[in-house]
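Labels below follow one simple rule: chain letters A, B, ... track the order of the sequence lines, proteins then strands, and each chain is numbered from 1. Atom set for the values below is all heavy atoms of this structure, side chains included, hydrogens, waters and symmetry mates excluded.
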Protein chains: 2
Amino acid sequence: MTTTSGEFALLDETWSSVTPPAARRMLIAAAAAFSVRGYHATTTRDIAAQAGMSPAAVYIHYRSKEELLFQISRIGHATSLAVLTGVSEVDPAGRLAAAVRAFASWHAEYHTTARVVQYELSALTPEHLTEVVELRRRIEAAVRDMISDGVAAGAFDVPDVRGATLAVLSLCIDVARWYRPTGHRTPAEIGDLYADLVLRMVGAA
Amino acid sequence: MTTTSGEFALLDETWSSVTPPAARRMLIAAAAAFSVRGYHATTTRDIAAQAGMSPAAVYIHYRSKEELLFQISRIGHATSLAVLTGVSEVDPAGRLAAAVRAFASWHAEYHTTARVVQYELSALTPEHLTEVVELRRRIEAAVRDMISDGVAAGAFDVPDVRGATLAVLSLCIDVARWYRPTGHRTPAEIGDLYADLVLRMVGAA
DNA sequence: CTTAGACCTAAGCAACCGCTTAGTATGGAG
DNA sequence: CTCCATACTAAGCGGTTGCTTAGGTCTAAG
């Protein structure tokens with residue numbers, strides 16, 4: 001486990017499915033630029049310069065600037081869904097805690113990608129947005145199921161399951177907004193803090 | 001109490017300090033446009049059209065597009081700080097609950113303004129950002145004081161006061177991201193839900 | 001060496017951006 | 001009436017945008 005890639009060493013292959021290498025470099029450059037300046041404030045010249053290529057090189061691999069955004073959003077949503085549902089614990093409290101720990105710390109560790117994922121939805125075309133919204137629906141359903149399983153097992157005390165689901169997701173997602181690598185909390189510490197707070201919110205014994 | 005202005009009827013004078021009326025109409029049009037499309041995706045022509053004036057009319061009342069953003073951000077931050085600190089309760093749990101209820105429901109009721117306040121900070125000039133960051137510091141300090149007062153009085157069980165402050169503010173702020181007026185929760189209901197969740201987070205008896 | 005094809009660049013186009021300039025309409029004071 | 005300040009618009013300027021086109025360079029098979 002290195003300090004830069006943290007506990008997501010295996011997932012640092014976020015972009016490994018993107019080929020050829022030049023297309024991957026372009027995506028990574030676009031994600032970095034979008035996360036710092038926002039989609040609309042980023043020019044195709046910015047992206048190309050950061051990837052070390054000419055502005056026209058963008059269009060060898062992607063149809064448009066928006067397609068770059070879509071690929072980042074699609075892969076980022078799929079990765080965060082995998083992180084959330086990839087926990088192995090079986091008891092309700094341990095399972096929810098592990099999922100929140102992983103999901104929250106992913107939003108810190110990969111705050112660059114997460115910011116694009118969470119705050120640039122409105123720049124997607126309607127067709128691309130539809131595809132991404134389906135992934136978001138599955139993320140929400142995963143959290144809701146974990147909470148209602150705990151309620152059914154008598155492990156949680158939750159008067160409003162949908163409200164609690166909303167709050168848990170909201171809390172984790174917002175990490176992408178405020179997190180700074182220079183802050184004095186590591187992604188793992190944020191994960192631990194949030195797992196504890198969420199167990200208190202659902203009234204776990 | 002009307003359904004549209006909710007419990008913030010008196011505060012619906014958010015922009016009442018802005019004169020003359022044409023300047024106020026321009027600010028409101030800009031806030032609406034920025035909240036829907038984002039600062040960088042909004043053109044001065046969009047703003048002027050929504051205010052029913054010509055593009056040049058923007059520059060009668062404001063030096064630049066960025067100054068419109070700054071005024072929205074400054075007034076919005078000041079208003080949300082007033083909402084947060086305007087609670088009258090004295091006991092720690094009641095005071096924190098009332099503050100969270102007011103702050104969270106403000107972010108729903110005025111989600112248009114709140115979105116600009118929370119998500120367009122990076123478009124401000126360094127000088128304007130400095131002024132707004134000072135208001136944000138006071139907002140954070142207000143929440144932190146409420147939590148540490150409760151800890152000192154033995155009413156809360158909080159192992160990490162700064163971490164809890166971060167989470168409480170984060171939860172309320174993120175309402176501006178997900179809230180939709182067409183949703184089935186009213187701003188007041190969101191405030192009640194969040195006040196309960198926050199009391200659980202701080203371990204109030 | 002020739003050739004095909006993948007990959008990339010230099011140059012630039014049409015459209016659009018924030019903002020400016022020059023001028024018009026209005027209404028109150030003298 | 002004249003004069004002037006205020007509030008606005010029509011037109012457009014210089015610069016930037018996303019994206020295209022035409023052409024160059026590299027690798028590897030024949």
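Here C:dG18 is the nucleotide among D:dC8, D:dT17, C:dG18 with the atom lying nearest to any side-chain atom of B:T44. The side chain of B:R45 sits closest to D:dG12 out of D:dG12, D:dT20, D:dC8. Proximity note for B:A56 (side chain, C-beta onward) versus C:dT9, C:dT20, D:dG18: the nearest is C:dT20. In the set C:dC8, C:dT20, D:dG18, the nucleotide with an atom closest to the side chain of A:A22 is C:dC8. Counting only heavy atoms from C-beta on, A:I60 has its side chain closest to C:dT9 among C:dT20, C:dT9, D:dT9. Here D:dG18 is the nucleotide among D:dG18, D:dT9, C:dG18 with the atom lying nearest to any side-chain atom of A:Y59. Taking the side chain of A:S54 as heavy atoms from C-beta on, and the options C:dA10, D:dG18, C:dC19, the nearest nucleotide is C:dA10.
Counting to the nearest Å, the C1' atom of C:dC7 and the CE atom of A:M26 are 11 Å from each other. With rounding to whole Å, A:Y62 atom OH is found 14 Å from D:dC19 atom P. Rounded to an integer number of Å, the gap from CD of A:E67 to P of D:dC19 is 11 Å. Between A:L69 atom CG and D:dG18 atom C1' the separation is 15 Å, expressed in whole Å. Between the C1' atom of C:dC8 and the NE2 atom of A:H61 lies a distance of 8 Å, rounded to the nearest Å. If you take OH of A:Y39 and P of D:dG18, they are 8 Å apart, rounded to a whole angstrom. When rounded to the nearest whole Å, the span between NZ of B:K65 and C1' of C:dC19 equals 12 Å. For the pair A:M53 CE and D:dC26 C1', the computed distance is 15 Å after rounding to whole Å.
Classification of B:E134 and B:R137 as a salt-bridged pair holds, one side-chain N sitting under 4.0 Å from a carboxylate O.
A donor-acceptor pair under 3.5 Å is absent between the side-chain atoms of A:Q118 and the main chain of A:D174, judged by distance alone. Although no hydrogens or angles enter the test, the distance criterion places no donor-acceptor pair under 3.5 Å between the side chain of B:R101 and the main chain of B:G191.
For the pair B:E131/B:F70, a side-chain contact is recorded, criterion being any heavy-atom separation below 4.5 Å from C-beta on.
Geometrically, B:K65 does not engage B:F34 in a cation-pi contact, judged by NZ or CZ lying under 6.0 Å from the ring centre and within 45° of the ring axis.
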